[in-house]
Amino acid sequence: MIFRKKAPKAPVRRRTGDGLHRAPTRFERFRAWIEGLPKMRLYVVLTALTWFSLTALIGFGSDPLVLLGLRDESGEYRVGMVAREDVYAPRSVTYIDPAATERAREEAASQVQPVYRQSERVPEQVVSDVRAFFERVREARGSDAPVEEKMQRISDAAPFFLPDEAVRTLLFMSPAEVDDTERYVVENLRELYGSTAVADDDVEDLPVSVIRISEARTRLSDAAAQDASGEMREIVDLLSRGFVEPNYVVDREATQEAREEAASQVEPVRGSIQQGERIVARGEVLDREDIAQLEALRVIRDTTSWTVFLGVGLVVAAELWVAWYFIERFGRRIFKANAATRLVLAVSLTILFTLLARVFILLQFNPYLTPLAGLSVIGTILLGPRLMFLIVVVTSINVGIIAGNDFFLTAALLISAGFAIYTVVRVNARQELLRAGLLIAVVTAATTFAVSLIGGANFSVALWQGALGLGNGLLSLMLAMVLLPLLEGAFNILTPMKLLELSDPGNPLLQELLRRAPGTFSHSMQVGNLAENAAKRIDANPLLARVGAYYHDIGKMEHPVYFVENQISQMNPHASLSPSLSAKIIKRHVKDGLEIGRAWGLPQEVLDMICEHHGTTRIEYFYRKALEESSDVTAVSEDDFRYSCGRPRSKESGILMLADSIEATVKAIPRPTPKRIEDVVEDTIRQRIEDGQFDECALTMREIQEVGDAIREALIGFLGPRVEYPATVPKKPSPVKPTTT
């Protein structure tokens, strides 16, 4: 009897938790919500949010009236800034010296003695500690542990050192003696605290009603001698003296109030300035006294008013108008995928780095440390150089306004950040990013040094500014290295570094594909090589083409046995299915691939390639089989046998469609020759063009032909020719030598 292997049933949809699917994360839900918003509403909200945020961040505490021509530039000074020119007193004035005043008040506060009070909590806490100690003593005595362990428990229960003799006495006392010892200790302590207060020995000027702790212990020893004798007296004495604590303690709140009161009684220390006296020298770092003198001379004025915010608001509105025009003009080139998410990221980066500049100013950091080059590095990799240059120009101007209308700072930041865009635009690996960041740091240092010389600083001051520029570059690099992976994952934006990580065959998802569908894995690797070679030929993105090819068939992991490359030594399950059901199962791998790709966080560009790699082509084998089996040809719907995810829209998707189809077809040829491979390539291209599969794709006819040529050349190199080895000739048996007996 011959047993035939039972054909598997039609595939059943897998659920979340099988290792391939998961619920969407918060970031994924957020991105989906953003992409689902009406575009006009999103643009209006982002514009309003950006305007309000930037106006508040720039206008708060800044002095943009210099930019508007309503104030002289010399009126801007802050602690820690380097004076750009000499300032002389136009008249004699007196002023409050803040540093000297603060020193005098600190000295007055330090002279105030601590304020003490009698604590009502300490006596009760001491009694509670005594009772807790004796409770643990009784537990130790009643346990079945060895004597040494019992003694150790009693010793550990005491908050102070107990000699072994005392511990042994407590262990071997009778229960009544233990109770009496506890009672004597508690009564003695309560009697002591009830009659007087106890202070530390180092407290001076004690009231009459307060005794020092050394005297308190003497009294407790006398009380113990009256209560008991022998070993019990020694135990009562030892425990009473050990548990007693000072209840005459420092009142911290009252002490602080007394010191604040003493400091407030100190009159402000006044200084004087003579007419013609030099207040600030050019190149000098300003301190608090310099600022106080400048305020006294009214060189510094408070200009934070509604006029400031009006000016800032108008400047920000102009910036947003330029940005709106730029995006309207070049948006399709900049935002190739997930436009709404990328626009939200651009707005977030602009506000984030403006906020960072404001924080640097508020914390009195030198504004030349503002790591704007970090914005260039992050934004260029995530959003591209075109949009990033606009953001850098706008943010450089805003940082200059925040830093007191220091447009030498604006120039330095703009040059260094612009150079950063140029440097990282072709960075493909994190090691390259590190090298580029170090170069950016050096260029930032040189730029800052040069701008300082232009601003009139002497050589030593310019060198210091150059050192700050170097620190700016290094800080930008560190910020980019930290934020880039976070933003990359949060906004799921495809970067060269992300592509390199995804192209690693050791990637967990590719390893899962290898384990579940080894034939599909091999096919994907081969298609990846073909797609990369073709992408190089037409100047598309070779790495994206390779990565898209690696993952384009991950949906086959759901039901691998239904695909011929995985049917090694197995019965074809389609033999027991109708053509329409087989086509439905085959088509399903695209949707499964999208679900798995989203679950594993693949970028949208790769998901698009998964979706589009078959376009709307017809599953020819099962369509023809359905026509053959059907008695009524008109009853067979062609739509049931076509993929429905959409035609390729990018060059890489179009390349993948050709590479995938050609590779699979060539594999089915028994003995592929260069001529047969060339015929397959030409037929596949012709069929796809006639079927309209490239109607939405960016590929030109010439590029399609070049892609075909590249795939053909690669396949010929992969598949042939090979030397045909002769069959193995069996060795002749060795002659048997006669044996002698």
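- More than 12 heavy atoms of other residues, nucleotides or ligands sit less than 6.0 Å from atom CZ of Arg686.
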Assess the residue pair Thr616 and Gln693 against the criterion (side chain to side chain donor-acceptor pair (under 3.5 Å)); give the C-alpha distance rounded to whole Å, side-chain angles, the decisive distance to 0.1 Å, and a yes or no. CA-CA 7 Å; Thr616 57; Gln693 297 302 318; 3.0 Å; yes

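- Using a 4.0 Å cut-off between a side-chain N of Lys or Arg and a carboxylate O of Asp or Glu, Glu678 and Lys675 do not qualify as a salt bridge.
- Within the model, atoms OH of Tyr550 and CG of Leu502 stand 11.5 Å from one another, a figure rounded to the nearest 0.5 Å.
- Counting only N and O atoms by type, the side chains of Asp683 and Gln687 include no donor and acceptor under 3.5 Å apart.
- Between Glu558 and Arg588 there is no salt bridge, since none of the side-chain N atoms of the basic residue sits less than 4.0 Å from a carboxylate O of the acidic one.
- In terms of heavy-atom proximity, Ile554 sits nearest to Leu509 at CD1-CD2, 4.1 Å.
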Mind running side chain to side chain donor-acceptor pair (under 3.5 Å) on Asp592 and His559 for me, showing each step along the way? CA-CA 10 Å; Asp592 290 338; His559 312 292; 4.6 Å; no

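- Salt-bridge formation is detected for the pair Arg537/Glu713: a Lys NZ or Arg NE/NH1/NH2 atom is positioned less than 4.0 Å from an Asp or Glu carboxylate oxygen.
- Between Ala480 and Gly374, the shortest heavy-atom distance links the atoms CB-O, 4.4 Å.
- With rounding to the nearest 0.5 angstrom, the CE atom of Met701 is 8.5 Å from the CD1 atom of Ile685.
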Show the numbers, then the answer: is there a salt bridge (charged side-chain N to carboxylate O under 4.0 Å, His left out) between Glu620 and Arg624? CA-CA 6 Å; Glu620 200 66 30; Arg624 294 185 181 183; 3.1 Å; yes

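- Phe389 CZ: 12 or fewer foreign heavy atoms inside a 6.0 Å radius.
- Nearest approach of Gly548 to Leu656, heavy atoms of both residues: O-CD2, 3.8 Å.
- At a threshold of 4.0 Å, the pair Asp691-Arg642 counts as salt-bridged, since one of the basic side-chain nitrogens sits closer than that to a carboxylate oxygen.
- One distance of note links CD of Glu703 with OG1 of Thr700; it measures 3.5 Å at 0.5 Å rounding.
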Given side chain to side chain donor-acceptor pair (under 3.5 Å), test Ser650 with Ser653 step by step and report yes or no. CA-CA 5 Å; Ser650 66; Ser653 288; 3.2 Å; yes

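- Between Glu682 and Arg712, no side-chain nitrogen of the basic residue sits less than 4.0 Å from a carboxylate oxygen of the acidic one, so the salt-bridge criterion is not met.
- Using a 4.0 Å cut-off between a side-chain N of Lys or Arg and a carboxylate O of Asp or Glu, Glu696 and Arg647 qualify as a salt bridge.
- The distance from atom NE2 of His613 to atom CG of Asp608, rounded to the nearest 0.5 Å, is 13.0 Å.
- Of all non-hydrogen atoms in Ser503 and Val547, the two that sit nearest each other are CB-CG2, 3.8 Å.
- Panel note: side chain Lys587, backbone Asp640; a donor-acceptor pair is recorded below 3.5 Å.
- With Leu349 as reference, Ile378 is the one residue of Thr395, Ile391, Ile378 to meet the side-chain contact (heavy atoms from CB on, under 4.5 Å) rule.
- Counting non-hydrogen atoms of other residues, nucleotides and ligands closer than 6.0 Å to CG of Asp539 gives a total of 12 or fewer.
- Asp709 places none of its side-chain heavy atoms less than 4.5 Å from the side chain of Val681.
- Considering CE of Met557 and CD of Glu512, their distance stands at 6.0 Å, rounded to 0.5 Å.
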CA sep, side-chain torsions, deciding dist, call: Leu513, Ser524, side chain to side chain contact (heavy atoms under 4.5 Å, CB included): CA-CA 10 Å; Leu513 177 64; Ser524 299; 4.2 Å; yes

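- Taking the ring centroids of His589 and His614, they lie under the 6.0 Å cut-off.
- Across Pro505 and Gln511, no two heavy atoms sit closer than the pair O-NE2, 2.8 Å.
- Note that CD1 of Ile421 is 9.5 Å distant from CG of Leu387, once rounded to the nearest 0.5 Å.
- In this structure, the side chain of Arg676 does not engage the main chain of Ile669 through any donor-acceptor pair within 3.5 Å.
- A salt bridge links Glu612 with Arg649; the closest basic N to acidic carboxylate O contact falls under 4.0 Å.
- Among all heavy-atom pairs drawn from Leu477 and Gly437, the shortest one is CD1-CA, 3.7 Å.
- Aromatic ring pairs are classed by plane angle as parallel below 30°, tilted from 30° to 60° and perpendicular above 60°; the pair Tyr422 and Phe419 is tilted.
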